[in-house]
Structures are given as C-alpha cells and as structure tokens.
Amino acid sequence: MKQIRPDYYDHFSCTADQCPITCCQEWKISVDDHTNNCWKKLAPPTDTIPAKTRLSAYTTFKDGTRVIALDQNHRCPFLSENKLCKLVLEHGDQVLSETCQVFPRETHTFDTHEEQSLMPCCPAVIDLWRNCETLHFPKVSDLCSPAASDALLFSLRSRLIALIQRPDRTPSQALMECFYILRELYHQDNWDTGTLEDYFSEQTLSELHEAVLSAAPALEDTIIEDNEILQDLAVNYQKEGLYQSYLTPVLAQAERLADAYGTAALSDQWKNFNHVWEEFHPLLKNVLANELFSDLLIPGGNLESMIIQMQWLALEYAAVRQSLFLTWLEHGNEKLPYENVRDYLVIIMRMTGYDEDDIYEYLENSFEELVWEWGYFALVVC
Ligand code: SF4
C-alpha cells in the first residue's frame with residue numbers, strides 16, 4: 001500500500017539518555033500479545049527491581065489494556081539510572097513491545113494509502129519542528145485516487161492546513177477561521193470542490209478574517225475559560241500523582257489566578273504574555289499543522305468527526321497556552337524559555353492523547369452540545 005509522510009518524518013531520532021522528558025515514565029506503555037508471549041520465556045535483566053523470574057510478570061492491566069507496571073515513582077522498571085533501556089541493552093530492540101518500537105511515530109491506514117507522522121508527545125519531535133520554518137505535507141490527490149467523497153475531505157484538510165500556515169494569521173485567528181469553515185460546511189446539505197474553492201478564495205478568506213477580528217470575545221472571559229479547561233483536563237492526573245513537577249505549580253497558580261478574575265492587572269499581564277508568546281507562533285503553527293494532518297481526518301472519518309477533532313485541538317491549544325501563561329506568571333512575568341514551551345507542549349499532548357471514543361465521551365460529559373457554537377470555540381482559543 002502507498003505510504004505518505006511529511007517532509008520532516010525521516011529526520012527524527014530519539015535522544016535516549018539525553019531526553020529531558022523520557023516516554024519511559026508516567027505513561028501507559030502498552031504490551032501487545034505477541035510481545036507478552038515472548039516475554040513469558042525471557043528472564044528480566046538481573047538488576048531489575050523488584051526481582052521476578054519472567055519479563056511478562058512486569059505487566060499489568062490498566063483501563064483494559066496490558067501495560068508495563070510502573071514503579072512507585074511512575075517509571076518503567078527497565079529504565080536504568082542513566083536513562084537507557086535495560087531491555088534493549090540486554091536483548092536488543094526486537095524484544096520491545098510494538099509501542100516502544102514505534103513511538104513517537106503514528107500511522108493511519110486509509111482505503112487507498114497509509115499516512116505516517118510523528119506525535120508531539122516527544123521533546124525531540126518538538127525540537128525538530130522548532131528548527132523547521134514550515135512543515136510540508138503531501139497532497140493525497142497527487143499520490144492516490146481516493147473515492148470522490150474521501151477526496152473532498154482530504155482536499156478540505158489540505159486547505160485547512162494551508163490556512164493554519166498562513167503568515168498573515170496568528171494561530172488563534174487561523175483556528176477560529178478553520179472552525180468557522182468546518183461548521184459552515186457541516187450545516188450544508190451538499191458541498192463540492194466548487195464550494196471549497198469559494199470558501200478558500202482569497203476574497204472569502206479576507207472577509208472571514210475581518211469578521212473574526214471584529215467578533216473576538218472579551219479577554220477576561222478567555223482567561224477564565226482556559227483556566228477551567230486546564231484544571232479540568234489535569235484533575236485525574238493530579239489524583240493519580242502523574243506529571244506532578246509540571247502540574248502542581250501551574251495548578252496552584254491557576255487557583256491564585258481565579259482570585260484575580262476581572263482585574264485590570266490580569267488583563268495587562270495577559271496582553272504582555274501574548275507578546276512573549278508571539279515568538280513561538282511559528283512553532284505553534286507547525287504543531288497545529290501537524291495535528292491537522294495526523295488527526296483531523298481519521299480513517300472512516302467525516303465532517304462531524306473533523307469538527308470534534310478540531311474542538312479537541314482547541315482544548316489542547318488552550319491548555320498549553322494557559323499552562324505557559326501560568327508558568328510565566330510564576331516566574332515573574334519575564335522570559336518564556338523555549339524549554340518551558342517544549343515541555344508543556346509535550347506534557348499536555350501526553351495528557352490529551354485520547355483515542356476517538358474517549359474524546360467523544362469527554363466532550364459529551366463536559367459540554368451541553370457535542371458540536372460547539374463558533375462563539376464558544378472562539379472563546380477558548382482567542
Ligand atoms: S520521549 Fe522521544 S526522545 Fe525521549 S526517550 Fe521517548 S522517543 Fe526518545
């Protein structure tokens with residue numbers, strides 16, 4: 001089957017023991033059946049704690065999936081002191097579960113082709129994207145011949161990616177415009193290539209841009225909403241004691257921020273933060289463009305699932321920005337080091353790496369309507 005992938009894909013390499021936020025801790029590391037069967041016959045490295053006779057004895061079940069049982073510090077028991085994998089050192093790469101071998105690569109299989117991309121849950125991927133001026137994604141229609149209805153969705157996705165990447169849009173503005181177009185199409189009985197050409201014509205996009213600028217929600221309302229979104233997304237991780245070094249300070253700051261709602265000082269701080277945040281717009285656009293390529297249109301997806309994925313991306317964007325706003329406040333409103341931006345991107349993306357069913361469940365439980373009004377979307381990302 002034809003495989004397609006973005007231009008950056010082959011440039012990734014794991015930084016292993018140099019990694020600042022290794023994927024071998026505070027995460028569900030799945031162990032597939034084939035690997036587990038192999039592990040039933042293999043002894044663990046001798047210095048593994050606690051000592052057990054077979055590798056398979058280090059697995060457990062979490063949320064219905066077989067995973068490696070982490071130690072009391074939420075680390076993989078095979079992670080050595082110097083942050084190398086004891087299993088690889090003793091048995092080679094082939095002994096690893098599929099998850100460990102593949103991460104942070106992601107593959108989606110469509111009827112006509114496979115799409116490969118990298119996930120933003122890995123700091124080396126964020127470093128890679130930081131050094132790319134812009135990411136380039138293949139156009140499906142140039143390489144394969146999907147059915148007409150699918151071709152339309154792939155074309156829509158390509159146009160939305162191009163909109164996100166426009167240099168004359170901030171990430172927030174581009175997201176709001178993308179969502180507006182998705183909702184408009186969602187409410188049309190029929191749309192085709194001609195409709196897309198009209199929606200993405202320079203004149204229509206220019207009018208949409210003006211309309212979005214004039215409809216921006218009040219600053220204070222966005223600060224309040226995003227604070228609550230971050231707190232809500234973090235609550236279960238707090239209960240489990242995960243990502244504490246990242247979540248504890250920002251959630252404490254989020255509590256303090258709640259007391260300052262509506263004050264002029266807070267609005268000024270938000271405006272000042274946004275000046276600092278602007279420096280990272282190119283990186284953010286790369287992250288968003290990649291997420292549109294990898295997750296907006298999943299196999300079997302349709303316009304509604306694209307809207308749901310776009311809403312999820314809005315929550316992720318809001319949570320990343322809010323956590324960095326809180327970090328910036330915590331550190332005296334001065335600089336925002338790149339390492340902070342990278343680390344919170346990675347952590348929030350790990351926290352929100354839900355599969356499609358879980359995203360639907362989260363949205364259904366958290367919001368009155370599954371498909372948001374444009375005004376609410378704008379409030380979240382503005
Ligand atoms: S998070 Fe990325 S760079 Fe770090 S150990 Fe995992 S794959 Fe390697």
Side-chain angles (χ1 to χ4, degrees), residues 5-32 35 45 48 55 58-59 62 65-71 73-108 115-132 135 237 240 242-247 280 283-284 286-287 289-291 293-295 316 319-320 323-324 337-355:
R5 58 184 78 117
D7 60 343
Y8 66 77
Y9 186 85
D10 293 327
H11 299 294
F12 169 77
S13 65
C14 169
T15 53
D17 57 331
Q18 303 300 310
C19 179
I21 320 176
T22 175
C23 49
C24 308
Q25 65 183 45
E26 300 184 277
W27 225 2
K28 280 194 290 191
I29 306 169
S30 302
V31 179
D32 50 283
T35 302
T48 309
L55 279 181
Y58 291 88
T59 68
K62 192 166 185 195
T65 305
R66 185 185 290 280
V67 296
I68 295 177
L70 303 182
D71 68 15
N73 295 318
H74 309 289
R75 289 163 63 95
C76 174
F78 307 122
L79 185 63
S80 73
E81 281 303 307
N82 51 2
K83 295 209 283 181
L84 290 171
C85 176
K86 295 179 193 173
L87 291 185
V88 174
L89 294 175
E90 186 143 331
H91 299 288
D93 285 354
Q94 297 312 312
V95 79
L96 294 177
S97 71
E98 193 187 342
T99 296
C100 293
Q101 289 192 36
V102 165
F103 183 84
R105 299 168 190 85
E106 182 173 34
T107 301
H108 284 153
E115 293 187 356
Q116 297 172 315
S117 58
L118 298 180
M119 292 185 266
C121 320
C122 160
V125 173
I126 304 295
D127 287 346
L128 181 64
W129 293 345
R130 186 196 184 202
N131 293 322
C132 296
L135 308 184
Y237 294 96
E240 287 189 54
L242 296 173
Y243 309 125
Q244 293 298 282
S245 59
Y246 296 95
L247 292 181
F280 299 99
L283 171 62
L284 263 294
N286 282 348
V287 174
N290 186 76
E291 292 306 279
F293 178 76
S294 64
D295 287 340
E316 293 175 321
V320 169
S323 56
L324 288 164
Y338 161 69
E339 289 72 18
N340 278 355
V341 176
R342 178 192 61 196
D343 293 357
Y344 277 97
L345 266 168
V346 167
I347 295 300
I348 298 291
M349 290 305 197
R350 286 185 187 181
M351 286 166 50
T352 54
Y354 290 19
D355 62 26

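For this chain, numbers begin at 1 and follow the sequence in order. Each ligand, and each atom within it, is numbered from 1 in the order the structure gives. A quick note: this is a predicted structure, and the numbers were derived from the prediction, not measured.
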Task: Side chain Y243, main chain E26, donor-acceptor under 3.5 Å - done: yes
Task: Ligand-side contact atoms (ligand 1) for residue partner I21, heavy atom cut-off under 4.0 Å - done: 1 (S)
Task: Count, waters excluded, of protein N, O or S atoms under 2.8 Å from atom 8 (Fe) of ligand 1 - done: 1
Open item on the list: Under 4.0 Å, counting heavy atoms only: does V125 come that close to any atom of ligand 1?
Closed with: no
Open item on the list: Could you work out, with side chain to side chain contact (heavy atoms under 4.5 Å, CB included) as the rule, every residue matching A69, not counting sequence neighbours?
Closed with: T60
Open item on the list: Taking the six-membered ring for Trp, are W27 and F103 closer than 6.0 Å centroid to centroid?
Closed with: yes
Open item on the list: Does only the side chain of R350 get under 4.0 Å from ligand 1, or the backbone, or both, or neither? Count heavy atoms.
Closed with: side chain
Open item on the list: Can you list everything that forms a ring-ring contact (aromatic ring centres under 6.0 Å, His included) with F280? Sequence neighbours excluded, please.
Closed with: none
Task: Pair listing, side-chain hydrogen bond (donor to acceptor under 3.5 Å, both in side chains) test, anchored in residues 84-106, at least two apart - done: none
- [ ] Kindly say whether P45 contributes a backbone atom to a donor-acceptor pair with the side chain of T48 at under 3.5 angstrom?
- [x] yes
Task: Donor-acceptor pair, side chain of N73 and main chain of R75, under 3.5 angstrom - done: no
